[in-house]
Q: 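First the structure, then my questions, so here it is.
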Amino acid sequence: MAAVESLPPGTPSAMRNAFGTVLSALILVLIGVLAFSIRLFSVIKYESVIHEFDPYFNYRVTQFLSKNGIYEFWNWFDDRTWYPLGRVIGGTVYPGLTLTAGTIWWVLNSINIPLSVETVCVFTAPVFSAFASWATYLLTKEVKGSGAGLAAAALLAMVPSYISRSVAGSYDNEAVAIFALIFTFYLYIKTLNTGSLFYATLNAIAYFYMVCSWGGYTFIINLIPMHVLLCIVTGRYSPRLYIAYAPLVVLGTLLAALVPVVGFNAVLTSEHFASFLVFIIIHVVALVYYIKGILTPKMFKVAVTLVVSIGLVVCLIVVAVLVALVASSPTGGWSGRSLSLLDPTYASKYIPIIASVSEHQPPTWPSYFMDINVLAFLVPAGIIACFSPLSDASSFVVLYIVMSVYFSGVMVRLMLVLAPAACIMSGIALSQAFDVFTGSIKYQLSSKSKDNAEDNTSTKNAPKDDASSGKTDKGEEVSKERSSKKGKKKEREPAEKLSVKSKIVKKKALVLPLEASIVALLLLIMLGAFYVIHCVWAAAEAYSAPSIVLTSQSHDGLHVFDDFRESYAWLSHNTDVDDKVASWWDYGYQTTAMANRTVIVDNNTWNNTHIATVGTAMSSPEKAAWEIFNSLDVKYVLVVFGGVIGYPSDDINKFLWMVRIGGGEFPHIKEADYLRDGQYRIDSEATPTMLNCLMYKLCYYRFVETDGKGYDRVRRTEIGKKYFKLTHFEEVFTSHHWMVRIYKLKPQKNRIRGRVKKLKQKTSSGVSSKSVKKNPWM
Amino acid sequence: MKKNSSVVVDLLLLLLAITVLATPAFSDLVLSKVERRIDVTSQIARVTKTLKVVNSGSESVSEFTLTFPKFLGNNLAYLSVSHSEGKGKAKRSLANLSVKEAHPKGMPDSISFYSVSLPKPLSKGDTLTLEVVAAFTNVLQPFPEKITQRDIHLVMLQESAQYLSPYVVESQSLSIKLPNARIESYSKLENTKVQGSEIKYGPYKNLAQYSYAPIVVHFESKAAFAVAEKLVREIEVSHWGNVQVTEHYNLVHRGAQLKGEFSRLEYQDRPNPQGVSAFRHLLARLPPRAHSIYYRDDIGNISTSQMQSDSKKTELLIEPRFPLFGGWKTFFTIGYGLPLSDFLFASEGKRFLDISFGSPMIDLVTEKLIVQVVLPEGSKDISVTTPFAVKQSHEIKYSHLDIAGRPVVVLEKNNVVPDHNQKIQVLATLQEVQNIIQKCLAAHDKLEASLRDLSRTGDIQTCKAARKSTDSLLKDLSKELRPLLASLQSFPSASQISPKVEELVAKERELQEKLMAKHTTVVEGYEKKSSGRDIENRIASQQQKIIALRQEVDDLLEFIDEI
């Protein structure tokens, strides 16, 4: 910006800054609005309702919190779930989301804005995604300036991967955790850049919020040490690094241990060990730098040899202790989910319950394109941009993207962690590319106009134009590729050419031909436009379904399948409050939240044996199943069946997991018994074990009478066993489209033997005659 | 079954009691003709009676007694008696007569008495025609009490073929209208006729007092036995031109209970989906111009509803989430907005809300109805007019950035039938203008008092302080007055009153100025230590004006009160 000084007096450099600040603030507000409103498709297309499974649990917890207060919440023992074990909610839940929404609700209600808890819960995620885009702006601004920041924020506001977890109604931990994650990273980078202890403290607090919100905090506590290590190894150690790291570990760990669900895990489990190790290393390094400062080089060499030999011994001891510690804990100190992160095949090999969740599967290539779209192509460019020049901050984001790419490859769910990294990288890439192209256009145009004539009037106008364009072109990139207003850019070009002088000096090395630059710009804008179109499509079509209400568009209009809520409503109004309902664990949270009935297992899959018991019951023959359920005080059994309307994620399709999980604990259930030649089928080729198990019977009871053939629309085949009766269960409710079927356990029959039987017959006939007693008025 | 047998015992007791009643305890009225029609096409038994009363005694009579057997009387939800004059086409019904429950001495417990006060005493030989409309709930008893999904729904009605009355009945007839021609059984007495879906008893001639002939009709009913165990209607009146009605229903099917399993297959297979014992939908007839209608429950929107609207009404056909079988329950909420101008009217400086009391659902019995009328913040002097007795209480509700809270009138009534869907009026005022003027006048009095103190004690400082405080008080009051006047002018209905109010305010202001002037003069006089007479002379003219103005203000206040 040397040219600015050479301009005529009266150049309002301050004003230019102010104008830029106002403009970027305005753009940020618009980005926030965009992030919020793109997530409202679910409310507009469906309704303001909580989505899916886990959000229902969070919603229920929030309801409890808002009704009973924070102390009751910490001490809440929930007896509606995991019957007869129950669950200590306060100690096993990440409270961040609940407390956030609860606080919002409380504040709103204390100023007499009567919003229901449900409404607050529904809109928490969109609000926090606006916050997340602002945090992205801050983070990227620290790395590569505000232009890149704005671009990254705009990209993040509508990245499909994040939308999938934060549409209105998707009230899950990730909704606030992504904001917390990005904000923690921002504060870390900010501390690293400034060396301010104030930001370091804020960083620890942000980390605390992240720990409160999501189990994914381990990503932070491993990524930051890695970056610190990287800095040390590449010789970038500085006191700023120390300030950024040491307080975070100490304060962060202390604060994390305050969260009941983490507690002593913050120092005991191996996910956190890396941070402590690096904590030791950074102190050693700090000491070495200090000693180096006070000793002569000769003395220093002697000291180094001394220390290294002693240090090696100490290190060996420490490593040995660590290994012993890790080895002594049952899973080798690593929790199952974390292990499956390191070894992608771990889960499917050892823990069927983790593998049975679709979001724990490794993603496929199309899902990358679906979830981050063009960002996948921009990321490499961003990485390159980060290396010119490489700073502490840019090395951090490079490390972040590399790690998150690896983790997203392990689990679909962690695509969510990749999304911000990809947005930051793409934002940097876009911003740099626009800089280069617009810079070279300006250079080319100005060199042409120099040839023609230089008139003073134009230079007089220059300051103003410069003021607007200097900041604007960065901001404009954003608005550009959002709305692709190509025309506007062209309008500006004549104005910009006057201010080019400033750029010439800097950009000389990167000048491209005029035509190539314009074409490249247009292509970039098209790329951006494509991204926007894809994101809007993804938000509107792919990720907005609440999954408890299904709709289908047929020729005669919209058809709504509201079977889940139909049967939950039936359960809640027409069964006794203390009745126990057994279903596969997927529907546990919904049953407790919507029907308010006690369930045996739910989506918090903490007790594998209990789930295996239900799985065994479902895969046993009727009588054995009745006995299992009866021993659990179950009164109703709920199954989800999609065969009538073709709803594919029903219990028959999940059944093999029930067999596997059940078989894992109870060896008499063998997966092979349910498969014919390794194939899972329910048609006439199916094995007798399959055709006689409870799940099959409950799903297909009287199904054949609907169309006469028993054609299952999901499996696209006729069922194997068509006519059968239930002896131990009776149908009490089936929803409109047969999606949910509820059965009641029949009471045990009286013991009938010999003489007693006759007697019984007599009494029973007596009873029956009584019950059909004639109308006394006839 | 137990219930039925107890009813039988009741009937026997009643018969016994009737035979005991030998002496006529009531006046010498004679019912020359009694026609009774019982409509049981819905779950509510509606009895319409036409009674022709003749006074055959020598004294004039001003009270008439209605009687019901106790088992009916206990289930009486609605009773209205009107009398009509003239004959044939020219007949016109007149105002409802007041009815109250009576407990005459020496009468058996098995009869419920209601005494009707006649519009004018019935002198000897005069005749009068009374129209009685009564609605009973829970008198159609499902029999058998538990049925399977396939069975038809049978209910039973008990009545007396002869009109139970403390008076001699010369001629009477009874007709029972059933929902359809499928009659399981009915008591056969003399003169019993069945015409399609109608059973006729009578005419019976010259019946003694308290004659009673129990009958039982057992028939099929396809009506929806929908009962709201509890219904909370919240009617929120907003300044912004909207009346928001929210209704929370706890609904139960009170027909024969479902026995055994519920098979969706059979339910769907039936060619006639009007289901046997289940009902699928309810019809709500909302007021015209109802808008923003929603239908939901605790867990979200219920998508099964249809709406039709025209200029006369808005019909909302709602389907519960699941079909309701006997004994099944459900809960839902419907809400709608109504234009304020259709329901809020002004009179005498007061606003009144004129809105219907009961549920808009057709043929719904409400066991416990709670109506909460939420009035705008700051409403005062609330009063409620209802055509029948209800329990009233008041609450405060805070919503939408409220500071003082909104007054809520809570009305409660048990056993409500659609016949109760009459208008209730809730009055609230804007007496605020008058209140403020009154406060001003009080402030004036204070000023005067301080002057009197001055003349007694000669303490100028306290007098000045008093003036200062009064002055600021008056300023505050006039500030408060300004928005009120503006709002008054904005209401077209207040056109007649607003000029008067303005005049009042103007006069009051003048009075205020004069008083202040007087006060200053007096205080100055004291400060200058002028003689008492001197001061008096100086304020004499002012005093006169003040008195005249005061008089005018009082007159205006009275006038406004009268409006």
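Per chain, numbering begins at 1; letters A, B, ... match sequence-line order.
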Q: Does B/K329, at its NZ atom, have more than 12 non-hydrogen atoms belonging to other residues, nucleotides or ligands within less than 6.0 Å?
A: no
Q: Would you name the heavy atoms of A/A569 and B/R321 that are closest together and state the gap between them?
A: CB-CD, 3.5 Å
Q: How long is the gap from CG on B/L251 to NE2 on A/H573, to the nearest 0.5 Å?
A: 10.5 Å
Q: If contact means a heavy atom pair closer than 4.5 Å, which residues of residues 105-120 of chain A contact chain B?
A: A/I111, A/N112, A/I113, A/P114, A/E118
Q: Are there more than 12 heavy atoms of other residues, nucleotides or ligands under 6.0 Å from atom NZ of A/K722?
A: yes
Q: Between B/W328 and A/F733, does a side-chain contact (heavy atoms from CB on, under 4.5 Å) hold up when you go through it step by step?
A: CA-CA 12 Å; B/W328 285 15; A/F733 188 79; 4.0 Å; yes
Q: I need the A/N596 CG to B/I299 CD1 distance, nearest 0.5 Å.
A: 11.0 Å
Q: Using only non-hydrogen atoms and a strict under-4.5 angstrom cutoff, which residues of residues 696-708 of chain A touch chain B?
A: A/Y701, A/R702, A/E705, A/T706
Q: With a 6.0 Å cut-off (strictly less than), is the heavy-atom count around NZ of A/K45, excluding the residue itself, greater than 12?
A: yes
Q: What part of B/D297 is in contact with chain A, defined as an atom under 4.5 angstrom from a non-hydrogen atom: side chain, backbone, both or neither?
A: side chain
Q: B/R264 and A/E731: which non-hydrogen atoms are nearest, and at how many Å?
A: N-OE2, 3.8 Å
Q: Say you draw a straight line from NZ of A/K746 to CD of B/E261; how long is it, rounded to the nearest 0.5 Å?
A: 7.0 Å
Q: Nearest 0.5 Å, what's the CG-CG distance between B/N301 and A/D562?
A: 8.0 Å
Q: A/W738: what forms a ring pair (Phe, Tyr, Trp, His ring centres under 6.0 Å) with it, not counting sequence neighbours?
A: none
Q: Atom CD1 in B/I302, atom CD in A/E566: separation rounded to 0.5 Å?
A: 10.5 Å
Q: Measuring heavy-atom distances to chain B, does A/V49 have an atom under 4.5 Å in its side chain, in its backbone, in both, or in neither?
A: side chain
Q: For the candidates B/G327, B/P323, B/S263, which exhibits the highest count of non-hydrogen atom pairs separated by less than 4.5 Å from chain A?
A: B/S263
Q: Of all residues at least two apart in sequence or in a different chain, which pass the ring pair (Phe, Tyr, Trp, His ring centres under 6.0 Å) check with A/H737?
A: A/H559, A/F561
Q: Please identify which of these residues, A/L558, A/T551, A/V560, meets the side-chain contact (heavy atoms from CB on, under 4.5 Å) condition with B/S303.
A: A/V560
Q: Rounded to the nearest 0.5 Å, what separates atom NE2 in A/H736 from atom CD in B/E319?
A: 7.5 Å
